[in-house]
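See below for the structure under consideration.
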Number of protein chains: 2
Amino acid sequence: MTPQIPKPGNPVRGSKTGKPIMALFDLLGRSWALGVVWKLSRSSMTFRQIQESCEKVSPTVLNRRLKELTSSGLVERGASGYRLTATGIELFELLKPFGIWSTKWAEGLPKDDRNETVTRP
Amino acid sequence: MTPQIPKPGNPVRGSKTGKPIMALFDLLGRSWALGVVWKLSRSSMTFRQIQESCEKVSPTVLNRRLKELTSSGLVERGASGYRLTATGIELFELLKPFGIWSTKWAEGLPKDDRNETVTRP
DNA sequence: TATATCGCTACTCAAACAGTAGCAAGGAGA
DNA sequence: TCTCCTTGCTACTGTTTGAGTAGCGATATA
């Protein structure tokens, strides 16, 4: 009933052992979690600004992600809205290389416009 | 009806613009996607080996993740099971620092054993 | 007082995930 | 050939998560 916020040491969706890396993957492996960290890295933003910048993510989900990220010490609320904490910035620094890499990855992919399913006999 | 496999250029869950970074975040922001890449980085594994190593992830989900990751060029099937492609290994190299960082992050977190909700007046 | 914005909550409906059972294909051994 | 085992799934059911929309209370501004 209570929403599960993944934390190392706690068994969560994706990890019964609570290993830090699995708790982190669980936290980030939810819709818009990575996106929010990415967007907040540029500047602090209000709730509605994040919503717009993240293609109208529903307030329900955004609110949940923000609570999770706050409770995990990655995001905090300042006077000018939500922003990354020092820890959050650290995480973003690790995340930063994904930006450039993703464009290389995009170029290397076959440019079909539909998602092909793996064909089976 | 057809399962959505996030690819840059395609509007997907989490990104109508199809920007590479958002497509990547969408791909990785699904349960066990990051975990599978992490586990496969050590060695190639069979379907059931991955399942066991990932705490009995349901075959339904594992199968979907493997198809998505395969179709995205990060994973392939060899004689000895599933393994990362060259691209997948590149991605893992970016992911590797998260391992150490997550343990630091875990130490810094308050050691409460329950997920507290943000209190509101 | 009206009005506008902000951070949400409440709802409904669809998609994703968990959990379990079991099947078809392939190989090893008798 | 006939078991017996492993592997890679598919099928099914029930729960959780997410999308999408409406709107409320609080605060600020005119």
Side-chain angles (χ1 to χ4, degrees), chain A residues 1-6 11-17 22 25-36 39-40 44-71 75-83 115 117-121, chain B residues 1-6 11-16 22 25-36 40 44-71 75-83 115 117-121:
Chain A
M1 192 62 69
T2 322
Q4 276 280 42
I5 301 183
V12 284
R13 182 196 79 161
S15 180
K16 281 160 190 151
T17 63
M22 289 303 157
F25 283 172
D26 185 21
L27 177 68
L28 299 179
R30 297 176 177 206
S31 79
W32 283 110
L34 286 164
V36 166
K39 297 284 184 182
L40 282 184
S44 68
M45 300 170 97
T46 67
F47 189 93
R48 300 220 174 187
Q49 281 174 333
I50 304 173
Q51 237 189 313
E52 283 183 27
S53 121
C54 290
E55 326 201 17
K56 308 291 193 308
V57 53
S58 79
T60 321
V61 173
L62 179 55
N63 187 30
R64 221 177 281 175
R65 284 306 91 82
L66 286 171
K67 273 180 187 162
E68 290 163 5
L69 292 171
T70 301
S71 150
V75 166
E76 65 189 355
R77 276 186 80 170
S80 53
Y82 291 94
R83 65 181 176 211
N115 293 318
T117 313
V118 179
T119 55
R120 293 183 308 107
Chain B
M1 194 61 69
T2 321
Q4 277 279 42
I5 301 183
V12 284
R13 184 196 77 160
S15 181
K16 282 160 191 150
M22 288 303 158
F25 283 172
D26 184 21
L27 177 68
L28 300 179
R30 299 177 176 208
S31 78
W32 282 110
L34 286 164
V36 166
L40 282 183
S44 68
M45 300 170 98
T46 68
F47 189 95
R48 300 221 173 186
Q49 280 174 334
I50 304 173
Q51 239 190 310
E52 283 182 28
S53 124
C54 291
E55 326 199 20
K56 306 291 192 309
V57 51
S58 79
T60 321
V61 172
L62 179 55
N63 187 30
R64 223 177 279 177
R65 285 303 92 82
L66 286 171
K67 272 180 188 163
E68 289 162 4
L69 293 171
T70 301
S71 150
V75 166
E76 64 190 355
R77 277 187 79 171
S80 53
Y82 291 94
R83 67 181 174 210
N115 293 317
T117 313
V118 179
T119 54
R120 294 183 309 105

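What you see is a predicted model; the values in this text were computed from it and never measured. Per chain, numbering begins at 1; letters A, B, ... match sequence-line order.
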- Test M45(A) against L40(A) for side-chain contact (heavy atoms from CB on, under 4.5 Å), laying out the working first. CA-CA 7 Å; M45(A) 300 170 97; L40(A) 282 184; 4.0 Å; yes
- Message: For R48(A), give me all partners under side chain to side chain contact (heavy atoms under 4.5 Å, CB included), at least two apart in sequence or on another chain.
- Response: T46(A), Q51(A)
- Apply side-chain contact (heavy atoms from CB on, under 4.5 Å) to L66(A) and F47(A), showing your working. CA-CA 9 Å; L66(A) 286 171; F47(A) 189 93; 3.8 Å; yes
- Query: Under 4.0 Å: is that the gap between some side-chain N or O of S58(B) and OP1 or OP2 of dC17(C)?
  - Reply: no
- Message: dG7(C), OP1 or OP2 - any side-chain N/O from N63(A) closer than 4.0 Å?
- Response: no
Compare all side-chain heavy atoms of [X] with those of [Y] and state whether any distance is below 4.5 angstrom.
| X | Y | value |
| --- | --- | --- |
| M22(B) | W32(A) | yes |
| D26(A) | L34(B) | no |
| R65(B) | S31(B) | yes |

Give every pair of a protein N or O atom and an N or O atom of nucleotides 4-8 of chain D that lie under 3.5 Å apart, one pair per line with the distance.
from   : atom 1 : to     : atom 2 : distance (Å)
dG8(D) : OP2    : F47(B) : N      : 2.8
dG8(D) : OP2    : R48(B) : N      : 3.4
dG8(D) : N7     : R48(B) : NE     : 2.9
dG8(D) : N7     : R48(B) : NH2    : 2.6
dG8(D) : O6     : R48(B) : NH2    : 2.2

Atom-pair distance ([atom1] on [X]; [atom2] on [N]), nearest Å:
| X | N | atom1 | atom2 | answer |
| --- | --- | --- | --- | --- |
| E68(A) | dT16(D) | CD | C1' | 13 Å |
| D26(A) | dC17(C) | CG | C1' | 12 Å |
| R64(A) | dA10(C) | CZ | C1' | 12 Å |
| W32(A) | dA19(D) | CH2 | P | 9 Å |
| R65(A) | dG7(C) | CZ | C1' | 17 Å |
| Q51(B) | dC17(C) | CD | C1' | 14 Å |
| L62(B) | dC17(C) | CG | P | 12 Å |

- Task: Select one nucleotide: of dT9(C), dA11(D), dC17(C), the one nearest the side-chain heavy atoms of K67(A).
- Result: dT9(C)
- Message: Starting the side chain at C-beta, find the nucleotide from dA11(D), dA18(C), dA22(D) nearest to P59(A).
- Response: dA22(D)
- Assign each of V61(B) and L66(A) the nucleotide of DNA chain C bearing its closest heavy atom; nearer the 5' end lies the nucleotide of L66(A)
- Message: E76(B): which residues meet the salt bridge (charged side-chain N to carboxylate O under 4.0 Å, His left out) condition with it, sequence neighbours left out?
- Response: R83(B)
